[in-house]
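Scroll down for the structure; my scribbles are underneath it.
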Protein chains: 2
Amino acid sequence: MISNSSKYAVKAVLYLAVNSSEDHKILAKDISRPTNIPKAYLSKILQELSKHNIVSSVRGPGGGFYLSDENIKTPLMKIIQVIDGDNRLTSCMLSLQECNAEHPCPMHDLVGNTKVNFVKNLEQNTVGDLVKNIKMGKSFLPL
Amino acid sequence: MISNSSKYAVKAVLYLAVNSSEDHKILAKDISRPTNIPKAYLSKILQELSKHNIVSSVRGPGGGFYLSDENIKTPLMKIIQVIDGDNRLTSCMLSLQECNAEHPCPMHDLVGNTKVNFVKNLEQNTVGDLVKNIKMGKSFLPL
DNA sequence: AGATTAAAAGACATTTTTATCCTTTATATG
DNA sequence: CATATAAAGGATAAAAATGTCTTTTAATCT
């Protein structure tokens with residue numbers, strides 16, 4: 001569905017959303033342990049997310065990662081797009097160049113609506129929306 | 001979404017569904033050209049599909065691949081499962097072991113319904129259903 | 001039986017994804 | 001300013017996905 005890297009990215013962002021703030025930054029290694037994401041690989045992902053203004057970071061002592069008020073408004077789709085690229089979720093089920101309502105592939109209408117809705121959900125919902133779910137008791141950390 | 005290999009598999013099966021029959025078998029190379037799938041790789045995929053009774057095959061002169069009346073009833077999900085495994089489409093968006101209605105992850109309800117519907121469509125629709133779409137003019141071959 | 005055909009099977013090569021390690025740069029603090 | 005800290009960046013490694021090539025097996029046809 002989405003890549004492992006994207007799942008790592010979402011988890012890391014959620015961890016920051018719940019646990020960090022501008023005056024309580026968190027180190028990559030301290031995200032790595034509870035989420036069970038390999039530290040060095042997570043660092044690469046956070047670097048990429050930082051470059052795209054999905055997370056905020058500060059170097060040096062007292063530094064680390066956190067989410068700004070802006071960051072919290074990031075749509076989930078943006079995280080996935082930055083890590084997996086534009087096409088993974090939206091491309092045609094048969095990889096046809098032109099597949100749309102006028103020129104649909106044989107699978108287009110079959111899965112089309114649900115796929116479009118799926119993507120729409122990811123575009124409309126933000127990191128902050130998931131935080132609400134977490135506060136209602138839904139866990140995102142491995143057992 | 002689904003792997004390239006799965007897209008190859010669906011395309012190859014559709015090509016056979018439209019063009020082959022038990023007394024008009026088709027060679028791997030003759031599926032390869034119109035679908036633009038690398039011949040040797042396609043052969044591997046067809047081999048796997050044959051092993052799982054998704055396509056039928058006969059060796060030797062006059063042999064090749066075709067779809068039996070049984071094969072045509074294959075649900076699309078089965079093709080994807082054989083190539084991509086069980087988890088790619090159905091696993092939790094955050095890869096949690098236990099993610100369901102009772103123990104939902106923060107993304108579960110957000111994308112849950114559309115994802116479930118998506119999978120359900122693939123489970124309920126068969127190769128034969130797509131053939132109907134193709135006969136209504138929907139193309140599955142690259143430009 | 002011998003020759004030919006075409007899928008099955010196995011070995012190997014390339015590319016992409018995932019993962020690790022080491023060096024550099026920015027920031028803070030004594 | 002020197003030193004410690006932590007992310008950024010670059011180089012490298014391992015694993016998985018994709019792709020190619022060669023040999024083997026099964027079927028057909030003289």
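Comparing the axis of the opening five pairs of the helix from C:dA1-D:dT30 to C:dG30-D:dC1 with that of the closing five pairs yields an angle of 0°, rounded to 10°.
No more than 12 heavy-atom neighbours from other residues, nucleotides or ligands sit within 6.0 angstrom of CG on B:N113.
Nucleic acid contact class of B:I26 (heavy atoms, under 4.0 Å, all strands): sugar-phosphate only. Heavy atoms of A:S50 sit under 4.0 angstrom from primed sugar atoms or phosphate atoms, though from no base atom.
Residues satisfying the side chain to side chain donor-acceptor pair (under 3.5 Å) criterion with A:T114, sequence neighbours excluded, are absent altogether. B:S139 pairs by the side chain to side chain donor-acceptor pair (under 3.5 Å) definition with nothing, not counting sequence neighbours. The side chain to side chain contact (heavy atoms under 4.5 Å, CB included) check on B:S5 picks up B:S3, B:Y41, B:I45, B:I83, with sequence neighbours excluded. Here B:T90 pairs with nothing under the side chain to side chain donor-acceptor pair (under 3.5 Å) rule; sequence neighbours left out. The salt bridge (Lys or Arg N to Asp or Glu O under 4.0 Å) test applied to B:D109 returns A:K138, not counting sequence neighbours. Scored by the salt bridge (Lys or Arg N to Asp or Glu O under 4.0 Å) test, A:K51 finds A:E48 as partners (sequence neighbours excluded).
To the nearest angstrom, C1' of D:dA6 lies 11 Å from CG of A:D30. To the nearest angstrom, P of D:dT5 lies 17 Å from CZ of A:F65. Atom NZ of A:K25 is separated from atom P of D:dT5 by 17 Å (rounded to the nearest Å).
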(message) Test side chain to side chain donor-acceptor pair (under 3.5 Å) on B:K11 and B:T35; report intermediate values, then the result.
(response) CA-CA 7 Å; B:K11 280 190 192 181; B:T35 56; over 6 Å; no
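You can see that DNA chain C meets the heavy atoms of chain A within a 4.0 Å-exclusive cut from C:dT18 to C:dA28, reading 5' to 3'.
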For residues 97-105 of chain B, please give each side-chain donor-acceptor pair under 3.5 Å, one per line with the distance, not counting sequence neighbours.
unit_1 : atom_1 : unit_2 : atom_2 : d
B:N100 : OD1    : B:E102 : N      : 3.1
B:N100 : OD1    : B:H103 : N      : 2.9

Under 3.5 Å, sequence neighbours excluded: what are the donor-acceptor pairs made by side chains of residues 60-69 of chain B?
unit_1 : atom_1 : unit_2 : atom_2 : d
B:S68  : OG     : B:E70  : N      : 3.3
B:S68  : OG     : B:N71  : N      : 3.0
B:S68  : OG     : B:N71  : OD1    : 3.0
B:S68  : OG     : B:N71  : ND2    : 3.4

(message) Base contacts versus sugar-phosphate-only contacts with protein, heavy atoms under 4.0 Å: please encode nucleotides 18-30 of chain D as B, S and - from 5' to 3'.
(response) BBBB---BBBB--
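Pairs of residues two or more places apart, or lying in two chains, never qualify as side chain to side chain donor-acceptor pair (under 3.5 Å) while including a residue from residues 12-29 of chain A.
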